[in-house]
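Quick note: numbers below take in every heavy atom, side chains included, and nothing from hydrogens, waters or symmetry partners. In the text below, chain A, chain B and the rest are named by the order of the sequence lines, each starting its count at 1. In this text, all values refer to a predicted model and were calculated from it rather than measured experimentally.
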Protein chains: 2
Amino acid sequence: MSAPVAKVAREGAEGGSRRLILDTAARLLRSGGYHQTTLREIAEAVGIRKASLYYHFASKEEIVEEVVNDGVRFVHEAVVAALAEHAAASPHARLEAAIRAHLTALHGHGDYTSASIKVFTFGAMPVPDSVRQVRRAYGEVWRGLIAELQQAGAIAPERSPEALRLFLLGALNGSTDWYRPGRFDIAELAQEFAALIAQAG
Amino acid sequence: MSAPVAKVAREGAEGGSRRLILDTAARLLRSGGYHQTTLREIAEAVGIRKASLYYHFASKEEIVEEVVNDGVRFVHEAVVAALAEHAAASPHARLEAAIRAHLTALHGHGDYTSASIKVFTFGAMPVPDSVRQVRRAYGEVWRGLIAELQQAGAIAPERSPEALRLFLLGALNGSTDWYRPGRFDIAELAQEFAALIAQAG
DNA sequence: GTCTATAGGCGGATAGAC
DNA sequence: GTCTATCCGCCTATAGAC
């Protein structure tokens with residue numbers, strides 16, 4: 001992964017202001033969405049003036065784009081890592097691990113991931129190409145996993161893998177709407193969801 | 001249903017301008033969401049001046065609230081009607097009919113329903129009490145149907161009905177993100193989805 | 001790197017003529 | 001019922017001092 005490395009290098013050179021701005025933007029985007037979140041709010045929360053943001057970023061779009069892509073990449077990497085850890089497990093166990101990783105990344109780790117969902121679910125903003133690519137790459141992970149499950153017989157051969165993938169991701173991302181830390185347990189939710197769409201084994 | 005009757009009566013008295021405004025607002029809200037949709041846009045699309053909207057509505061919130069509630073009520077009534085039509089069918093067939101009705105109402109009939117999803121999914125606006133009530137009432141329909149399926153044995157007794165309901169509605173409403181009229185068939189999608197979460201029978 | 005100041009436009013909303 | 005005119009505040013973005 002070369003991007004994170006480059007990013008860390010850049011941060012070292014400029015004292016992390018850029019990261020601070022992105023962190024703050026992520027938090028505000030998560031609760032407010034694209035249009036409600038203003039540069040004034042971000043600047044205020046960071047503790048600088050609105051105009052100073054333009055030293056670090058060329059536009060609001062650029063800030064949002066970076067937050068959103070970071071969020072999707074974070075979920076992507078978490079799911080890939082979970083699948084690698086469960087490489088030897090049963091297909092059903094791998095599915096459950098992937099779902100658990102997705103939900104954990106979405107709800108347990110920072111604002112970037114939730115902000116991603118909130119901002120680019122629906123076309124609330126003109127979706128940049130980079131975002132489209134990052135999303136597509138993540139979609140491929142699930143396409144592969146579902147194909148694997150179907151080949152292993154954990155999903156019936158007559159089920160449409162594409163419909164299944166869209167339903168599943170929709171349901172997982174929709175959890176930003178109703179999930180609350182105290183009221184649900186992510187591991188249990190993952191178990192429930194996995195049981196819905198694949199046979200145990 | 002007394003509300004629609006009252007509404008029709010009102011419309012007769014004022015020439016349908018009110019309905020025209022709501023129709024237009026629904027269309028814009030569907031594609032733009034709450035914050036992106038402005039009174040100026042609505043007025044322009046209707047063909048009147050911004051200020052004239054205030055003769056018909058007290059505020060932007062009032063317009064949005066009415067669109068959203070109409071949308072949810074439309075889906076609610078469609079699903080209830082479908083269940084009534086399939087009163088004698090098997091639990092699985094009733095589930096499939098309900099899913100098909102939800103998806104059809106969501107995608108096949110106007111902008112109100114999609115606007116509802118788009119606007120109040122996430123808390124993009126301060127959710128009025130009336131909206132909360134209308135949503136809750138619709139949620140009850142699914143709670144009842146899922147309980148029925150579980151009692152009939154079409155859903156395993158160890159499945160959490162609440163997790164299942166949230167998964168189901170999240171997946172269905174998420175379809176506003178990817179569903180396109182030519183590329184998917186609603187009846188097929190309903191069949192796929194019903195097969196996913198309940199045993200045939 | 002951050003500041004002040006400002007440009008130019010759009011947001012919702014109101015007053016009052018017709 | 002619709003209009004013109006206007007208020008006031010916030011928006012993104014830029015210019016230029018420090």
Side-chain angles (χ1 to χ4, degrees), chain A residues 7-29 31-68 115 118-119 124-128, chain B residues 7-29 31-68 115 118-120 123-128:
Chain A
K7 203 171 291 175
V8 167
R10 234 190 299 136
E11 281 169 42
E14 53 174 45
S17 310
R18 188 185 170 88
R19 187 86 276 161
L20 178 59
I21 292 168
L22 289 172
D23 286 351
T24 308
R27 181 161 44 80
L28 294 171
L29 285 167
S31 61
Y34 178 77
H35 285 97
Q36 198 171 56
T37 303
T38 66
L39 296 180
R40 172 176 304 199
E41 273 182 315
I42 296 172
E44 219 161 273
V46 168
I48 59 175
R49 297 290 162 229
K50 211 175 29 163
S52 307
L53 294 173
Y54 286 88
Y55 174 79
H56 299 278
F57 300 92
S59 67
K60 178 181 179 180
E61 265 72 25
E62 195 177 295
I63 298 179
V64 174
E65 187 174 337
E66 194 150 333
V67 167
V68 165
K118 174 114 185 188
V119 169
M125 66 176 281
V127 185
Chain B
K7 204 171 289 176
V8 167
R10 234 190 298 136
E11 281 170 41
E14 52 173 49
S17 310
R18 188 185 170 88
R19 185 85 276 163
L20 178 60
I21 292 168
L22 289 172
D23 286 351
T24 307
R27 180 162 45 81
L28 294 171
L29 286 166
S31 61
Y34 179 76
H35 285 99
Q36 197 173 57
T37 303
T38 65
L39 295 181
R40 175 173 304 202
E41 272 183 316
I42 296 173
E44 219 161 273
V46 168
I48 58 175
R49 298 287 162 234
K50 208 175 33 162
S52 306
L53 293 172
Y54 287 88
Y55 173 80
H56 300 279
F57 299 93
S59 68
K60 179 182 179 179
E61 264 73 24
E62 197 178 292
I63 297 178
V64 175
E65 187 175 338
E66 195 150 330
V67 167
V68 166
K118 174 113 184 190
V119 169
F120 71 56
M125 66 175 281
V127 185

Would you kindly give the [atom1]-to-[atom2] distance between [X] and [N], to the nearest whole Å?
X: A:F57; N: C:dT2; atom1: CZ; atom2: P; value: 12 Å
X: B:E62; N: C:dA13; atom1: CD; atom2: C1'; value: 14 Å
X: A:H56; N: C:dG1; atom1: NE2; atom2: C1'; value: 6 Å
X: B:R49; N: D:dT4; atom1: CZ; atom2: P; value: 5 Å

> Between A:H56 and A:S17, which heavy-atom pair has the shortest distance, and what is it?
Replying inline: CE1-CB, 3.6 Å

>> Which heavy atom of A:A26 sits nearest to which heavy atom of A:A115, and what is that distance?
In response: O-CB, 3.6 Å

What side-chain donor-acceptor pairs closer than 3.5 Å can you find for residues 38-48 of chain A, not counting sequence neighbours?
residue, atom, partner, partner atom, Å
A:T38, OG1, A:E41, N, 3.1
A:E41, OE1, A:T38, N, 3.1

>> Counting only side-chain heavy atoms from C-beta out, which of C:dC3, D:dC3, C:dG1 sits nearest to B:I48?
In response: D:dC3

> How would you list, by chain and number, every residue that makes a side-chain hydrogen bond (donor to acceptor under 3.5 Å, both in side chains) with B:E62, sequence neighbours excluded?
Replying inline: none

> How does each nucleotide of nucleotides 6-18 of chain D score, in 5' to 3' order, for protein heavy atoms under 4.0 Å: base (B), sugar-phosphate only (S), or none (-)?
Replying inline: -----SBBBB---

>> So B:K60 and B:Y34, do their side chains get closer than 4.5 Å, heavy atoms only?
In response: yes

> Does B:K118 reach the main-chain N or O of B:L29 with its side chain, forming a donor-acceptor pair under 3.5 Å?
Replying inline: no

